[in-house]
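This report concerns only the one structure given below.
Whatever order the structure lists them in is the order used to number ligands and atoms, beginning at 1. A quick note: this is a predicted structure, and the numbers were derived from the prediction, not measured.
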Amino acid sequence: MQTISEREYQSRRERLGKKLKQNSLALVCAAKPKIRSNDTEYPYRQNSNFYYLCGIEEPSSALLFIKKGKKCRVVLFVKEKDATFELWNGKVTGVKKACKRYKVDEVCAISKLQSRIEKEMREINRLYYEFADTSDETAILRKMGSNVYAHANLSKMIFKMRLYKTPAEIELIRQGMQITKKAHHHAMRMCKSGKKEYELQAEFEYIFTKNGAYSDAYTTIVAGGDNANTLHYIKNDKELHAEDLVLIDAGCEYNYYATDITRTIPVGGSFSSAQKEIYALVLHVEKEIIAMVKPGILRSKLQEHAERMLCEGMVRLGILRGSVDKLLKKRKHKKYFPHGIGHYMGLDVHDPCPYKTKKGKEIPLQAGMVLTIEPGLYLPKNDHSIPKKYRGIGIRIEDDILVTKEGYENLSKEILKELEDIESLYEGCSS
Ligand code: GLY
Ligand code: MN
Ligand code: MN
């Protein structure tokens, strides 16, 4: 299994160290375990920014950057060995092993974090901080009182670094994509009228887990028929009907890297002619927009072009009436394509990397960025302005695209999306 090397984590820490102002501290903390109810917790998920800098999965850890002049030391804080804790929760790395494993300048027990910050702040009065949660760390800041020059823009510095994926990161996305592909194809074969949406959701979870994916990268959406017109439908509790489509937006998280794929398939195995018309339009737009991806292009251009093509298509099909330019100007198409054309993806499914510079200028796509392309049309059942045959159809098609020097690579190109390919998958299916 490919992972990120300690050398790569070290170089990320060095790069962050260079970005910090001279004579400053920067604190990046692990995520806190989150209570689900009473004394049960959600499965633990590390803070992406912390993970990006060290690949450590344990809670109760932190990185402290101490920059004096131009020199930056990195101190890693980890949980001390504790037999009772480990009896219940499993082994922790501990200070001694962490010293050997991680290329940092110093390793300390997490219990020393507060006193260490207090000590360093006697000399240095600028503290950058980044933590996914409040509680202990905010207590640290409060204690520092007026000494703290807390700069939340530490997160932004790390988000900026996360914008360009390294070959090792891309390899992890590729590996995750193999699992997501397997799951989508499996679900296409298992899809059947009379099943509940959650049964298909369970097929995804089964394939993800069976193949060693950490979890889903976001809650799986399985939206039959008109449910697809609720963009983030996650109830997944309705029955699937033969005459409907089902929109499935699902991707695993593999070694902390997300995949984010939507396919819309016919429950009964074949598309009706009205469904085909909408599907063909969305698929055409998706392919055209993907083909536009290359270094230098603006995401807003992709958005604009997708909106125009979808608007033209809707006029052609009688969903919208009037001149395309006027409809676009009045934003009439947004009613049926209300979301963005795509987003960055990486350690988070919606990777929070910057879309604009500090001065508000849009950042063009560059080699190494990964983004989704996901046009959709959502035609609600109760919208009487739409021709009857299209009502209740909701379609999104979503792929994950790597920007390359030459243009792009569709990382999810193996996941079927052509009408005929999807239909023939059912024909090959025994149940
Ligand atoms: N799965 C969430 C999204 O497509 O943005
Ligand atoms: Mn997406
Ligand atoms: Mn999605």
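With ligand atoms numbered from 1 in the order given, ligand 1 contributes 4 (O) to contacts under 4.0 Å with heavy atoms of Glu398. Close approach of ligand 1 to Asp249 (heavy-atom distance below 4.0 Å) involves ligand atoms 1 (N), 2 (C), 3 (C), 4 (O).
The shortest separation from a heavy atom of Asp260 to ligand 1 is under 4.0 Å, placing the residue in contact. The closest approach between His343 and ligand 1 falls below 4.0 Å for a heavy atom of the residue.
Remark: the Gln46 side chain and the Tyr44 side chain contain an N/O donor-acceptor pair separated by less than 3.5 Å.
Note: no N/O pair closer than 3.5 Å links His232 and ligand 1 by distance alone. Geometrically, ligand 1 and Glu374 share a nitrogen or oxygen pair separated by less than 3.5 Å.
Around the Mn ion (ligand 2), the two atoms OE2 of Glu374 and NE2 of His343 are separated by an angle of 80°, to 10 degrees.
Taking 4.0 Å as the cut-off between side-chain N and carboxylate O, Glu312 and Arg316 do not count as a salt-bridged pair. Taking 4.0 Å as the cut-off between side-chain N and carboxylate O, Asp226 and Lys238 do not count as a salt-bridged pair. Salt bridge present: Asp325 and Arg308 bring a charged side-chain N and a carboxylate O closer than 4.0 Å.
In summary, of the residues considered (His184, Lys417, Glu286, Glu398), a side chain to side chain donor-acceptor pair (under 3.5 Å) with Thr262 occurs for Glu398 alone. Of the options Ile261, Leu283, Leu247, a side-chain contact (heavy atoms from CB on, under 4.5 Å) to Ile397 is made by Leu283 and by none of the others.
Scanning the protein heavy atoms around atom 5 (O) of ligand 1, the nearest turns out to be His350 NE2, 2.6 Å.
Atom OE2 is the N, O or S atom of Glu398 at the shortest distance from the Mn ion (ligand 2). Nearest N/O/S atom of Asp260 relative to the Mn ion (ligand 2): this is OD2.
No more than 12 heavy atoms of other residues, nucleotides or ligands shown are found within 6.0 angstrom of NZ on Lys210.
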